[in-house]
Amino acid sequence: MLGHLNREVARTALAASDFSDDLHLILFDFLANLDTTKKWLTPQDVIAALDKADLLDTCGGNEEVSDIMDGKPSQSLNAAMVSVHRTALRRRLDHVGTVIADGLTDDDTDLEQIIDTAAAALTDALDPTAQASGPTVIGALLQETLDEIEAVGEVNVNAMTGLPTGIADLDRLLNGLHPGQLIIIGGRPGVGKTTFAIDILRHVALHHQQPAALFTRELSKTQVTTRVLSAETRVPLHVLRSGGLSDDDWTRLARRMENIAEAPLFIETDINNIDEVRAKARGLIAQHGLRLIVVDCVQLFIEGRWDRYRETAGLSRVLKSLAMDLKVPIIAVSQLNRNPESRTDKRPNLWDLRDTGTLEEDADVVVFVHRDDYYDKESPRAGEADLIVAKHRNGATDTITVAAQLHLSRLVDIAL
């Protein structure tokens, strides 16, 4: 707040909680909320306004206010704001360290609780303007909700409000993927469930430039990248793996390389348990504003501490809670048991989710990937896959047929 104060710049660059000095905090809060048409305020303007509000003595009088606003002649307004912000950030990070240290003093302390508390403290440190939400009476929510409904209708009665999956019929059915949702993608090994999950990630990050992350213990980082390259460039996966690319293949790669390189798609394979997923997801949210998370696959995060049923149940509840807490959709890839193979039509249902029924209970959406030619190589539906929406908490269920271009590591709309 040096020389002449630009209130708009200061208000967007600083938060009231950045100030540790009560006098500076009172002055900042007063100026940020001062009802005036002036964009720039001189020390004389501020002194007059404080005097009118009977706050001049509280802020130290004419001389103190003038000293605060004049500051060091060599220091610019921007430099002063940066200094205040960085000092405040150091203070908050020191608090995060104290929270962790206090939690670790007792060997019996629940490590999950320490992680959650520390992660929440870190989020607060990085975004001090975020306010913890508490219960809200429904009457206070009505106008905001009605305004949102009206705004969507004014844009387009058919407008999709969630993140797109890249499959038009699925997007119409689900209205996209929404913050707080847990979406289960299930299927037998090799049917294409991981391919479909990476397809959605690819579509969100590459085609809509929305930050998305994959946490996987199934594939290496280079294997995931190879799949993305194949799907985007239409160079067959086996060609990329063998290294036998033609000149045309290299040309296709070159055309898409810049877009792929700039995509906000994050891949993490160095994870041992769901606690690490939770901690790293919080970090990506804070640093990059993550919009979508994929976990592949649920069963690989079972640590064997208890029976598989209890652990899978715990995992599904953690994932749903994490989606709600981080306000992003989370896609969890899940294996199915062998029950479909004993049925005539082989089509999966909700009871086939492996190890526990809580996956189905906690999920907002369950989509099974099914291919007739997986079981019958002579099937007249070779090259097709069904996306069976077996559960949709907020709408209808349906079966959507797509083209299974697994040699290009992708599922696409049948028309394409």
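Just so you know, these numbers use all the heavy atoms, side chains as well, and skip hydrogens, waters and symmetry mates.
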Student: Check whether Gln299 reaches the backbone of Gln335 with its side chain - one donor and one acceptor, N or O, closer than 3.5 Å.
Tutor: yes

Student: Regarding Arg381 and Asp386, does a basic nitrogen lie under 4.0 Å from an acidic carboxylate oxygen?
Tutor: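 Asp386 and Arg381: salt-bridged.
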
Student: Between Thr233 and Arg252 (side chain of the first, backbone of the second, donor and acceptor by atom type, cut-off under 3.5 Å), is there such a pair?
Tutor: no

Student: Using the side-chain contact (heavy atoms from CB on, under 4.5 Å) definition, which of the options Ile330, Val328, Asn394 pairs with Gln181?
Tutor: Asn394

Student: In the structure I gave you, are the side-chain heavy atoms of Glu276 and Asp270 within less than 4.5 Å of one another anywhere?
Tutor: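 No, side chains not in contact.
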
Student: Please indicate whether Arg90 has more than 12 foreign heavy atoms, meaning atoms of other residues, nucleotides or ligands, lying under 6.0 Å from its CZ.
Tutor: no

Student: Please confirm whether the backbone N or O of Arg227 pairs with a side-chain atom of Ser230, one donor and one acceptor, at under 3.5 Å?
Tutor: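 No: the side chain of Ser230 does not pair with the backbone of Arg227.
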
Student: Strictly below 4.0 Å, N to O, side chains only: are Arg371 and Glu384 in salt-bridge contact?
Tutor: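 So Arg371 does not pair with Glu384 through a salt bridge.
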
Student: Tell me whether Arg338 at atom CZ has more than 12 heavy atoms from other residues, nucleotides or ligands lying less than 6.0 Å away.
Tutor: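 Incorrect, the count does not exceed 12.
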
Student: Specify the closest pair of heavy atoms between Arg410 and Gln405, including all atoms of both residues, with the distance to one decimal.
Tutor: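 Where Arg410 meets Gln405 most closely, the heavy atoms are NE-OE1, 2.7 Å.
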
Student: Got a donor-acceptor contact below 3.5 angstrom from the Lys320 side chain to the Gly180 backbone?
Tutor: yes

Student: Around Met257, counting heavy atoms of other residues, nucleotides and ligands shown, do more than 12 lie under 6.0 Å from its CE?
Tutor: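 Yes - once you tally the heavy atoms of other residues, nucleotides and ligands closer than 6.0 Å, there are more than 12.
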
Student: Looking at every heavy atom in both Leu315 and Ile274, which two are closest together, and how far apart are they?
Tutor: CD2-CB, 3.5 Å

Student: Does the side chain of Leu219 come within less than 4.5 Å of Ile198's, by heavy atoms?
Tutor: yes

Student: Given side chains that start at C-beta, do those of Ile293 and Pro329 come closer than 4.5 Å, heavy atoms only?
Tutor: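 When only atoms from C-beta onward are counted, Pro329 and Ile293 do not touch, as no gap falls below 4.5 Å.
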
Student: Here's a test for you: under side-chain contact (heavy atoms from CB on, under 4.5 Å), which of Thr194, Asp296, Val366, Ile200 qualifies with Ile185?
Tutor: Ile200

Student: Do Thr165 and Asp171 have side-chain atoms, one donor and one acceptor, less than 3.5 Å apart?
Tutor: yes

Student: Within a strict 4.5 Å, meaning less than it, do heavy atoms of the Phe215 and Thr269 side chains meet?
Tutor: no

Student: Take a 6.0 Å sphere around CZ of Arg291 and say whether it holds more than 12 heavy atoms from other residues, nucleotides or ligands.
Tutor: no

Student: Quick one: does any side-chain atom of Lys221 pair with a main-chain N or O of Glu268 as donor and acceptor, under 3.5 Å?
Tutor: no

Student: In terms of side-chain geometry, is the basic nitrogen of Asp352 or Arg343 positioned less than 4.0 Å from the acidic oxygen of its partner?
Tutor: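 Between Arg343 and Asp352 there is a salt bridge, with a charged N closer than 4.0 Å to a carboxylate O.
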
Student: Considering the options Val228, Leu206, Leu229, which one meets the side-chain contact (heavy atoms from CB on, under 4.5 Å) requirement together with Arg256?
Tutor: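 The single option meeting the side-chain contact (heavy atoms from CB on, under 4.5 Å) with Arg256 is Leu206.
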
Student: Answer yes or no: is there a side-chain heavy-atom contact under 4.5 Å between Leu408 and Leu237?
Tutor: no

Student: Look only at the side chain of Asp373 and the backbone of Glu378, and say whether a donor-acceptor pair between them is shorter than 3.5 Å.
Tutor: no

Student: Side chains of Pro348 and Pro340: does their closest heavy-atom pair fall under 4.5 Å?
Tutor: yes

Student: Determine whether the aromatic ring centres of His203 and His208 lie less than 6.0 Å apart.
Tutor: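 Yes - the distance between ring centres of His203 and His208 falls below the 6.0 Å cut-off.
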
Student: With distance as the sole test, does Asp199 use its side chain to make a donor-acceptor pair with the main-chain N or O of Leu411 at under 3.5 Å?
Tutor: yes

Student: Should Arg278 and Val318 count as side-chain neighbours, where that means a heavy-atom distance under 4.5 Å?
Tutor: yes

Student: Please determine which of Val277, Asn273, Asn272 meets the side-chain contact (heavy atoms from CB on, under 4.5 Å) test together with Asp275.
Tutor: Asn273

Student: Check for a donor-acceptor pair, side chain of Ser379 on one end and backbone N or O of Asp376 on the other, with a separation under 3.5 Å.
Tutor: no

Student: More than 12 foreign heavy atoms under 6.0 Å from CG of Asp247: is that the case here?
Tutor: no

Student: Between Asp94 and Arg91, does any NZ, NE, NH1 or NH2 come within less than 4.0 Å of an OD or OE carboxylate oxygen?
Tutor: no

Student: What are the two closest non-hydrogen atoms of Asp362 and Ser316, and how far apart are they?
Tutor: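 Closest heavy-atom pair between Asp362 and Ser316: OD2-OG, 2.6 Å.
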
Student: Hey, are Asp325 and Arg282 close enough for a salt bridge, meaning a charged N less than 4.0 Å from a carboxylate O?
Tutor: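 Yes, this pair counts.
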
Student: Using side-chain heavy atoms (C-beta onward) and a distance below 4.5 Å, is Ile183 in contact with Asp364?
Tutor: no

